[in-house]
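First up is the structure itself, then whatever we jot down about it.
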Amino acid sequence: GSPAWRDNKSFFYNRFAKMTAGAPETAKYLNSGLWLHQIVTLPEKDVAILAVGLNSRVSLTPVDAPFMVTAPGSKQALAVISHGATPESSVYLAPLSQVHDAQTPWVRVAEQSDDVTNVALHGDDIYLLSHKDASHYKILRLRASDPTLARAATVVPASSVVIQDFGVAQDALYFR
């Protein structure tokens with residue numbers, strides 16, 4: 001699920017772990033991982049990028065689900081970790097050219113306690129939707145060259161209107 005293109009020959013996707021015989025039906029949602037697939041190769045040749053115990057820079061639990069965010073023209077990649085049923089995610093950054101196996105040099109941008117619920121990439125800009133200290137949400141921007149959330153610029157401040165979602169386009173930042 002949720003494919004994100006790496007280039008015109010490969011993409012990242014989230015994949016469930018193989019079920020063991022006799023496992024309960026709910027076990028299929030545990031231990032999913034982020035994988036890299038090369039077009040014209042068999043899925044058995046796919047490479048694991050993130051999974052429980054795979055990369056020491058990103059700690060995952062069995063209920064966590066890693067997804068990738070890429071954007072045309074961006075040299076960055078974001079790994080977004082969904083933590084079960086909660087809407088808040090952890091976010092990690094790496095140069096797209098270095099995301100090819102379990103040794104990816106991920107840098108944490110946000111953890112679950114930062115209350116980030118959506119992210120987007122536009123070139124070297126990272127946009128985050130957060131309700132940290134903003135019950136109606138705010139949109140933050142930071143540069144990939146300085147992914148320190150404490151130094152993020154607020155591009156859409158919290159107001160009396162709840163920001164539900166946003167998207168980045170070539171000409172503007174759109175939010176609902």
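Quick note: residue numbers are just sequence positions, from 1. Side chains included, hydrogens not; waters and symmetry mates left out as well; all remaining heavy atoms used.
Between Asp125 and Leu142, every side-chain heavy-atom pair lies at or beyond the 4.5 Å cut-off. Contact annotation: the side chain of Arg57 approaches that of Pro105 to within less than 4.5 Å [non-hydrogen atoms, C-beta and beyond]. The shortest side-chain heavy-atom distance between Leu173 and His122 does not fall under the 4.5 Å cut-off. Side-chain atoms of Tyr127 and Asn118, non-hydrogen and from C-beta on, never get closer than 4.5 Å to each other. Inter-residue side-chain proximity for Gln76 and Asp124 is flagged as met; some heavy-atom pair is nearer than 4.5 Å. Contact of the Val52 side chain with the Thr61 side chain is not registered, since no non-hydrogen atoms from C-beta on lie closer than 4.5 Å. At a threshold of 4.5 Å between non-hydrogen side-chain atoms, the residues Phe175 and Val161 do not count as touching. By the 4.5 Å heavy-atom criterion applied to side chains, Leu149 and Lys132 are not counted as neighbours.
A donor-acceptor pair under 3.5 Å links the side-chain atoms of His136 to the main chain of Ser159, judged by distance alone. A donor-acceptor pair under 3.5 Å is formed between the side chain of Thr86 and the backbone N or O of His83.
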- [ ] Apply side chain to side chain contact (heavy atoms under 4.5 Å, CB included) to the pair Glu88 and Asp115, showing each step before the final yes or no.
- [x] CA-CA 5 Å; Glu88 295 81 16; Asp115 298 334; 3.8 Å; yes

Open item on the list: Checking Ser113 against Glu111 for the side chain to side chain donor-acceptor pair (under 3.5 Å) test, could you report, in this order, the C-alpha distance in whole Å, the side-chain angles of both residues, the deciding distance, and whether it holds?
Closed with: CA-CA 5 Å; Ser113 63; Glu111 51 192 53; 3.1 Å; yes

Task: side chain to side chain contact (heavy atoms under 4.5 Å, CB included) evaluation trace for Tyr92 with Leu50 - done: CA-CA 11 Å; Tyr92 292 82; Leu50 276 176; over 6 Å; no

- [ ] I would like to know whether Ser10 and Leu36 meet side chain to side chain contact (heavy atoms under 4.5 Å, CB included); could you show each step before the answer?
- [x] CA-CA 7 Å; Ser10 59; Leu36 174 61; 3.9 Å; yes

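In terms of hydrophobic clustering, with Ile, Leu, Val, Met, Phe, Trp and Tyr side chains grouped at heavy-atom distances under 4.5 Å, Val156 and Leu140 are assigned to different clusters. Note: the hydrophobic cluster containing Val155 also contains Val162 (ILVMFWY, side chain heavy atoms under 4.5 Å, direct or indirect links). No chain of hydrophobic side-chain contacts below 4.5 Å, direct or via other Ile, Leu, Val, Met, Phe, Trp or Tyr residues, connects Leu60 to Leu93. In the hydrophobic clustering of this structure, Leu96 groups with Leu34; members are Ile, Leu, Val, Met, Phe, Trp, Tyr whose side-chain heavy atoms approach within less than 4.5 Å, directly or through other members. Hydrophobic clustering places Ile163 together with Val168 (ILVMFWY residues linked when any side-chain heavy atoms are closer than 4.5 Å, directly or through intermediates).
Atom CD of Gln112 is separated from atom OG1 of Thr117 by 12.0 Å, given to the nearest 0.5 angstrom. The OG atom of Ser90 sits 7.0 Å away from atom CG of Asp64, with the distance rounded to the nearest 0.5 Å. Atom CZ of Phe12 is separated from atom CG of Asp46 by 11.5 Å, given to the nearest 0.5 angstrom. Residue Gln103 holds its CD atom at 10.5 Å from CD1 of Ile49, rounded to the nearest 0.5 Å. Here the OG1-CD1 distance, from Thr154 to Ile139, works out to 10.5 Å after rounding to the nearest 0.5 Å. A distance of 10.5 Å separates CG of Leu129 from NZ of Lys138, quoted to the nearest 0.5 Å.
Note: Trp5 and Phe11 have perpendicular aromatic rings, judged against thresholds of 30 and 60 degrees for the angle between ring planes.
Shortest non-hydrogen contact noted between Met68 and Ala77 is SD-CB, 3.7 Å. Heavy atoms only, all atoms of each residue included: Ser82 and Phe67 are closest at CB-CE1, 4.1 Å. Scanning all heavy atoms of the two residues, the minimum distance from Val47 to His100 falls at CG1-O, 3.5 Å. For the pair Ala169 and Tyr174, the tightest heavy-atom approach, listed with the atom from each and the gap, is CB-CE1, 3.8 Å. Nearest heavy-atom pair, Ile81 versus Pro66, reported as atom, atom and distance to 0.1 Å: CD1-CB, 3.6 Å. Closest of all the heavy-atom pairs between Leu30 and Ala17 is O-CB, 4.0 Å.
Considering Thr148, Val91, Asp114, Val80 as possible partners of Val109, the one that fulfils the side-chain contact (heavy atoms from CB on, under 4.5 Å) test is Val91.
Around CZ of Phe16, the count of heavy atoms belonging to other residues, nucleotides or ligands within 6.0 Å exceeds 12.
Ion pairing between a basic and an acidic side chain is recognised when a charged N comes within 4.0 Å of a carboxylate O; Arg176 and Asp165 show such pairing.
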